[in-house]
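Single-structure report; data block below.
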Amino acid sequence: MKVVLVEDEITASDQLAFLLNAIDPNIEILKVLDSVKTAIEYFSNTHEASLVFMDIHLADGISFEIFEQVQIETPIIFTTAYDQYAIKAFKVNSIDYLLKPIDEDELSEAIQKFKNRSNEDGSLNNQIHGMLQLLQAKTKHYKTTYLVHHRDELIPVKTENIAYFYIDTGIVKAITLENKAYIIDKKLEDIEDELDPEVFNRVNRQFIIHKITISTIKQYFNGKLIVNITPIAKERIVVSKAKATAFKKWVDL
């Protein structure tokens with residue numbers, strides 16, 4: 001069996017190589033790759049690896065980013081110290097994993113599983129893509145403060161204290177829970193990308209609202225919704241029929 005290790009910690013890769021050799025002396029370590037960059041370069045070319053051991057967190061990023069650049073058909077065993085939420089997702093996606101520090105018996109079982117596993121799983125990259133989205137959502141740092149101009153001063157406004165963002169005659173404004181308005185020198189699209197999607201929702205082209213501000217949701221014609229918030233917005237907030245179901249699910253999270 002020819003194996004490639006994707007691991008940026010020398011001690012960890014040496015220990016894994018030692019365990020693999022103890023389990024099966026015929027296992028050949030073809031390469032040890034220590035970064036997302038080197039892994040992309042390696043797997044972009046023809047290789048002989050029959051199994052890959054891959055750590056999640058590498059020095060230059062999350063290893064799942066590799067799959068955005070190159071397709072890997074070779075079975076993969078992830079090695080990780082990641083939290084249980086991520087581990088459950090691995091189980092759902094039927095991608096094997098080993099928790100660090102790696103146990104020799106568990107390693108042996110994982111190798112046997114991949115020996116028994118056929119190579120018919122063509123959905124591996126789709127699973128990796130889903131996992132990447134999960135980890136990005138889990139690890140992404142959302143904006144916590146907006147530095148805004150007020151007269152001749154700069155004021156830090158905590159994101160958690162913003163009730164909603166909206167476009168007022170071409171100008172983006174943030175309205176706080178105390179109903180104070182501040183101009184934000186950004187596009188609404190950029191602000192949307194900076195905010196935690198579990199807390200803020202782009203309900204339409206004009207508004208991004210904070211979940212805690214919602215007081216009532218009313219049915220409107222043609223399957224649309226009217227959202228009432230506190231503090232009260234100057235304009236009616238309407239959610240389209242196309243977004244109505246997803247919006248109600250978001251509120252009910």
Side-chain angles (χ1 to χ4, degrees), residues 62 64 68 83-86 88-93 123 125-150 154-253:
I62 297 174
F64 293 100
E68 294 188 327
D83 63 77
Q84 293 301 311
Y85 184 63
K88 289 179 181 178
F90 281 123
K91 291 181 179 179
V92 170
N93 285 325
S123 63
N125 274 270
N126 290 334
Q127 295 172 351
I128 294 296
H129 180 68
M131 193 59 199
L132 174 60
Q133 291 181 321
L134 169 68
L135 287 179
Q136 285 177 333
K138 191 74 174 174
T139 59
K140 182 175 180 178
H141 298 288
Y142 297 106
K143 197 165 183 66
T144 59
T145 305
Y146 282 91
L147 197 60
V148 300
H149 288 275
H150 182 65
L154 287 173
I155 301 176
V157 177
K158 294 291 185 183
T159 304
E160 62 188 29
N161 292 327
I162 296 176
Y164 62 93
F165 299 84
Y166 82 112
I167 301 176
D168 181 13
T169 60
I171 298 173
V172 176
K173 295 182 179 180
I175 308 300
T176 67
L177 297 174
E178 294 79 26
N179 207 20
K180 294 181 180 179
Y182 298 101
I183 294 175
I184 305 292
D185 190 22
K186 291 186 175 185
K187 296 180 180 179
L188 207 61
E189 290 77 11
D190 296 332
I191 295 174
E192 179 185 10
D193 189 56
E194 296 173 340
L195 300 172
D196 186 343
E198 292 187 4
V199 179
F200 287 88
N201 190 299
R202 178 78 179 272
V203 292
N204 56 37
R205 294 178 64 183
Q206 191 174 1
F207 281 88
I208 297 175
I209 65 172
H210 194 304
K211 185 183 293 187
I212 65 172
T213 65
I214 299 173
S215 53
T216 62
I217 301 171
K218 296 182 179 180
Q219 296 292 338
Y220 199 36
F221 71 93
N222 289 339
K224 299 177 182 179
L225 302 173
I226 293 180
V227 182
N228 294 315
I229 62 175
T230 303
I232 299 173
K234 291 183 178 180
E235 298 184 28
R236 177 181 289 176
I237 301 176
V238 179
V239 179
S240 68
K241 178 181 179 180
K243 289 187 174 183
T245 300
F247 174 75
K248 286 187 286 187
K249 287 182 179 179
W250 170 74
V251 175
D252 198 35
L253 283 176

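All residue numbers in this chain count up from 1 along the given sequence.
- Rounded to the nearest 0.5 angstrom, I208 CD1 and F165 CZ are separated by 6.5 Å.
- When I232, I229, I217 are each tested for a side chain to side chain contact (heavy atoms under 4.5 Å, CB included) with I237, only one passes: I229.
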Kindly list each side-chain donor-acceptor pair under 3.5 angstrom involving residues 166-174, sequence neighbours excluded, with atom names and distances?
{"unit_1": "Y166", "atom_1": "OH", "unit_2": "D168", "atom_2": "OD2", "d": "3.4"}
{"unit_1": "D168", "atom_1": "OD2", "unit_2": "K173", "atom_2": "NZ", "d": "3.0"}

Pair up each side-chain donor or acceptor in residues 177-188 with any protein partner under 3.5 Å, not counting sequence neighbours, and list the distances.
{"unit_1": "E178", "atom_1": "OE1", "unit_2": "T176", "atom_2": "OG1", "d": "3.4"}
{"unit_1": "K186", "atom_1": "NZ", "unit_2": "E194", "atom_2": "OE1", "d": "3.2"}
{"unit_1": "K186", "atom_1": "NZ", "unit_2": "E194", "atom_2": "OE2", "d": "2.4"}

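- To the nearest 0.5 Å, atom NZ of residue K143 and atom CD1 of residue I162 are 9.5 Å apart.
- Every residue two or more places apart in sequence or in another chain that forms a side chain to side chain contact (heavy atoms under 4.5 Å, CB included) with T145 is listed here: P156, K158.
- Rounding to the nearest 0.5 angstrom, the gap separating the CD atom in E68 from the CD1 atom in I62 is 10.0 Å.
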Worked check of side-chain contact (heavy atoms from CB on, under 4.5 Å) between Y220 and L225: CA-CA 5 Å; Y220 199 36; L225 302 173; 5.7 Å; no

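- Other residues, nucleotides and ligands contribute over 12 non-hydrogen atoms within 6.0 Å of the NZ atom of K211.
- In this structure, the separation between OG1 on T213 and OH on Y164 is 9.0 Å, given to the nearest 0.5 Å.
- Sequence neighbours left out, not one pair with a member in residues 214-238 passes salt bridge (charged side-chain N to carboxylate O under 4.0 Å, His left out).
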With a cut-off of 3.5 Å and sequence neighbours excluded, list every side-chain donor-acceptor pair involving residues 197-205.
{"unit_1": "N201", "atom_1": "OD1", "unit_2": "V203", "atom_2": "N", "d": "3.4"}
{"unit_1": "R202", "atom_1": "NE", "unit_2": "N204", "atom_2": "O", "d": "2.8"}
{"unit_1": "R202", "atom_1": "NH1", "unit_2": "E192", "atom_2": "OE1", "d": "3.2"}
{"unit_1": "R202", "atom_1": "NH2", "unit_2": "R205", "atom_2": "O", "d": "2.9"}
{"unit_1": "N204", "atom_1": "OD1", "unit_2": "Q206", "atom_2": "N", "d": "2.9"}
{"unit_1": "N204", "atom_1": "OD1", "unit_2": "F207", "atom_2": "N", "d": "2.8"}
{"unit_1": "N204", "atom_1": "ND2", "unit_2": "V238", "atom_2": "O", "d": "3.0"}

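- The side-chain hydrogen bond (donor to acceptor under 3.5 Å, both in side chains) test applied to T216 returns N228, not counting sequence neighbours.
- Listed by first and then second residue, the ring pair (Phe, Tyr, Trp, His ring centres under 6.0 Å) pairs that reach into residues 221-253 are F247-W250, sequence neighbours excluded.
- Residues A244 and G223 share a closest heavy-atom pair of CB-O, 3.8 Å.
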